[in-house]
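Let me begin by presenting the structure, written as structure tokens, before commenting on it.
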Amino acid sequence: MSRPEKGSARRGRFLDRVHARLSVLSRPATGFVSQPEPRTIGSFAKGRQLMVGNFLFAGSLVEAPGHAIWDLPMPDPWFEDELHGFAWLDDLAAVGDRAARDLAQQWTWGWIDRYGRGGGPGWAPDLAGRRLIRWINHALFLLRSRDTPQSRAFHRSLGQQTVFLSRRWKSAATGIARFEALTGLIYAGLALEGMETLAEPAIRALGRECADQIDGQGGLPTRNPEELLDVFTLLTWAAAALGAVGRTPGREHLDAIERIAPTLRTLRHSDGGLARFHGGGRGAEGRLDHALAASAVKGRHSDGLAMGFARLSAGRTSVIIDASRPPEGKASGNAHASTLAFELTSGRRPVVVNCGSGISFGRDWRRAGRATPSHSTLCLDATSTGRLAPGKGGDSLEWLVEAPRRVPIQISHASDGIRFEGGHDAYVKGYGLTHARLLEMTFDGRGMAGEDMLLALEEGDKRRFDKAMDAVRLAGIPWQIRFHLHPEADAEIDLGGAAVSIALRSGEIWIFRHDGRAEMRLDASVYLEKNRLKPRATKQIVLSGRAMEYATRIRWSLSKAQETPISIRDLARDDAETSALDEQ
């Protein structure tokens, strides 16, 4: 299965193949000058699954016990990219026994035999960079018990891939792909004999990318928290590789690390996972902690926005809010229509979430995950604040922005806690209504009060609202406020339909209430996670009603009701873990 590509992408792929074959003629590396300390983190469980023939990549599972990884059927291009990037080598190294090493060696030299002469889909700059990092990190693991011809083949392939990367890194897309390519080139240039001259241009180029792509808030144009973590991880790896040979990273490189670290802490919930917005997930287990520890940068943003997100935290509770416009232009490929949506986590347990990115479940789920109803916010007339449509590339999607132009926000102290106030004008053009949201969290983190408002603020807005009302014969403009719940949160309507109780596995019970101005129901929802075979079923609380006047107000609250006695030990452990995260 091939990707739908535009002419420039096809030309780029063609040039990659040309330079891949030319690199085979280059003078190979003969050994290591130095070898960075392995910093990539693998999963023991995933490594064991690979060993029994369960290949789960990019949301697709291929069960093929006893088969070489390069003989697998390829469900889609993303699955194939995961194979050629060799990140799975981290998982086999995490197992670390002889059987895992034998398998890693078979698959690595299988790649050299099959693709080492410059053919195949793995010769793309980002994949080559990712692969070089793994091969160098795990060189001792891979070379153990290998004979001299095999060792020479390994070093020769490393050198050829490095030469290819030195010629083609500029063709990598801006963002994570280019950071991967440059970090791989720096790793190889510093580690391999005969490649030293290739490191310096890559070091300078990485500094320029840091200056161009990392803004003053320590954020990326895509506003994807997980992608920011991936970039941050690469920068810390590159800095460590430079430090290992007695070199200091450039000022732009170090400045980027210092700006990103506080932003990632702000975007991290009390359970250690990242907020899931704009195509990002929670982040690989342990990666954020390792990267923050390696950076040696302390603190987080105390107020204002971090990459366009606001954070409220108190006690064991964290709330992260999308408080800016969606990404635009080239950065909008995975943009979500999530302005003013929030996520809430209590201790180690997520409570209110967004559905997440459906990119690994196909085009329909990808589109659904990006729309406003898949987020915990207000949705007017069952429409999204942005809409998605097929692009000219067939299966590719382009983001047709009907997004907020203005998103004013303010964070201040309330009488008994902290207050967030924000608004956006995405519904003004069609309905004359501005959506405003107020969230107040108590100082102890045991409760949050919310108010959503639909307001016709200007005379022109009122005329638009009147016109919209005439179109529905004065029946009102329907709205819904959605609160998607985590799959491990057990919810049911109680108190005669006036409230929803939400029981967490920690023993906590949260109660959701509203002011009676809306109809409340509990609907089905989904939780979309990368590396799962299908979406997880969950529930959502939905408040609904109709805007009949120039001002509509809906008040609601979430408060912790009780903690069951059997959960006290678990809660104490959660508190200790949460405190440890805050100190990192």
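Keep in mind the model is a prediction, meaning the values are calculated, not measured.
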- Message: I'd like to know if the side chain of Arg276 and the backbone of Cys355 have a donor-acceptor N/O pair within less than 3.5 Å.
- Response: yes
- Would you mind reporting whether Leu56 and Gln49 have side-chain heavy atoms less than 4.5 Å apart? no
- Query: Considering all heavy atoms of both residues, which atom of Ala261 and which atom of Leu292 are nearest to each other, and what is their separation?
  - Reply: O-CD2, 3.9 Å
- Report the C-alpha distance between Asn224 and Ile176 in whole Å, list the side-chain angles of each, state the deciding distance to 0.1 Å, and finish with yes or no for side chain to side chain contact (heavy atoms under 4.5 Å, CB included). CA-CA 11 Å; Asn224 178 332; Ile176 183 65; over 6 Å; no
- side chain to side chain donor-acceptor pair (under 3.5 Å) involving Arg406 - partner list, sequence neighbours excluded: none
- Do the side chain of Ser270 and the main chain of Gly347 share a donor and acceptor less than 3.5 angstrom apart? yes
- Message: With heavy-atom distances below 4.5 Å as the criterion, would you say the side chains of Leu220 and Ile260 are in contact?
- Response: no
- Item | Arg370 side-chain N/O to Ala335 backbone N/O, donor-acceptor pair under 3.5 Å | yes
- Query: Do Leu89 and Leu142 come within less than 4.5 Å of each other through their side chains, counting heavy atoms only?
  - Reply: yes
- In short, Pro125 meets Ala181 closest at the heavy-atom pair O-CB, 3.6 Å
- Message: Going by salt bridge (charged side-chain N to carboxylate O under 4.0 Å, His left out), name the residues that satisfy it together with Asp97, two or more places apart in sequence or in a different chain.
- Response: Arg48
- Message: Which residues pass the side-chain contact (heavy atoms from CB on, under 4.5 Å) test with Asp255, not counting sequence neighbours?
- Response: Arg251, Glu258, Arg259
- Task: Taking Arg223 for its side chain and Gly308 for its backbone only, find out whether a donor-acceptor pair lies under 3.5 Å.
- Result: yes
- Any donor and acceptor pair, going by atom type alone, linking the side chain of Glu343 with main-chain N or O of Asn354 inside 3.5 Å? yes
- Query: Heavy atoms, side chains only, cut-off 4.5 Å: are Leu192 and Phe32 in contact?
  - Reply: yes
- Task: Any chance you could lay out the side chain to side chain contact (heavy atoms under 4.5 Å, CB included) test for Leu312 and Ile321, step after step, and finish with the verdict?
- Result: CA-CA 8 Å; Leu312 309 179; Ile321 309 147; 4.3 Å; yes
- Out of Phe55, Phe57, Trp88, which one pairs with Phe79 under the ring pair (Phe, Tyr, Trp, His ring centres under 6.0 Å) rule? Phe57
- Message: Once side chain to side chain donor-acceptor pair (under 3.5 Å) is applied, do any residues pair with Arg282, and if so which ones, sequence neighbours excluded?
- Response: Asp271
- Message: I'd like to know whether the aromatic ring centres of Tyr527 and His486 sit less than 6.0 Å apart in this structure.
- Response: yes
- Could you check if a side-chain atom of Pro326 sits within less than 4.5 angstrom of a side-chain atom of His336, using non-hydrogen atoms only? no
- Task: Indicate yes or no for a side-chain donor-acceptor contact from Arg144 to the backbone of Arg101 under 3.5 Å, with no hydrogens or angles considered.
- Result: no
- Verify side chain to side chain contact (heavy atoms under 4.5 Å, CB included) between Leu206 and Leu235, making sure each step is shown before the conclusion. CA-CA 9 Å; Leu206 185 63; Leu235 294 179; 3.9 Å; yes
- Query: For Asp90, which residues count as a salt bridge (charged side-chain N to carboxylate O under 4.0 Å, His left out) partner, sequence neighbours excluded?
  - Reply: Arg134
- Message: Between Arg311 (side chain only) and Thr266 (backbone N and O only), is there a donor and an acceptor less than 3.5 Å apart?
- Response: yes
- Task: Applying salt bridge (charged side-chain N to carboxylate O under 4.0 Å, His left out), name anything that partners Lys530, two or more places apart in sequence or on another chain.
- Result: Glu226
- Item | Plane angle bin for Tyr115 and Trp70 - parallel if under 30°, tilted between 30 and 60°, otherwise perpendicular | perpendicular
- Query: Out of Gln161, His155, Gln160, which residue meets the side chain to side chain donor-acceptor pair (under 3.5 Å) rule with Ser157?
  - Reply: Gln161
- Task: Not counting sequence neighbours, list each pair that qualifies as a ring pair (Phe, Tyr, Trp, His ring centres under 6.0 Å) and has a residue in residues 128-147.
- Result: Phe86-Trp135, Trp111-Trp135, Trp135-Phe154
- Query: Which residue pairs satisfy the side chain to side chain donor-acceptor pair (under 3.5 Å) criterion with at least one member in residues 234-248, sequence neighbours excluded?
  - Reply: Glu200-Arg247
- Query: Do the side chain of Arg325 and the main chain of Pro404 share a donor and acceptor less than 3.5 angstrom apart?
  - Reply: yes
- Message: Quick one: does any side-chain atom of Arg287 pair with a main-chain N or O of Leu229 as donor and acceptor, under 3.5 Å?
- Response: no
- Query: Residues in ring-ring contact (aromatic ring centres under 6.0 Å, His included) with Phe420, at least two apart?
  - Reply: none
- Can you name the side chain to side chain donor-acceptor pair (under 3.5 Å) partners of Arg405, sequence neighbours left out? none
- Is the backbone N or O of Trp78 less than 3.5 Å from a side-chain atom of Glu80, with the two atoms forming a donor-acceptor pair by type? no
- Message: Please evaluate residues His278 and Phe309 with respect to the criterion side chain to side chain contact (heavy atoms under 4.5 Å, CB included), reporting the C-alpha separation (whole Å), side-chain torsions for both, the decisive distance (0.1 Å), and the verdict.
- Response: CA-CA 12 Å; His278 300 296; Phe309 296 93; 3.9 Å; yes
- Are the side chains of Leu165 and Arg131 in touch, meaning some heavy atoms are under 4.5 Å apart? no
- Message: By the salt bridge (charged side-chain N to carboxylate O under 4.0 Å, His left out) test, which pairs, at least two apart or in different chains, include something from residues 174-183?
- Response: Arg130-Glu180, Arg178-Glu209
- Nearest non-hydrogen partners of Ile186 and Ala199, listed with the distance: CG1-O, 4.5 Å
- Report yes if some heavy atom in the side chain of Leu83 is under 4.5 Å from a heavy atom in the side chain of Trp107; otherwise report no. no
- Query: For Arg146, which residues count as a side chain to side chain donor-acceptor pair (under 3.5 Å) partner, sequence neighbours excluded?
  - Reply: Gln105
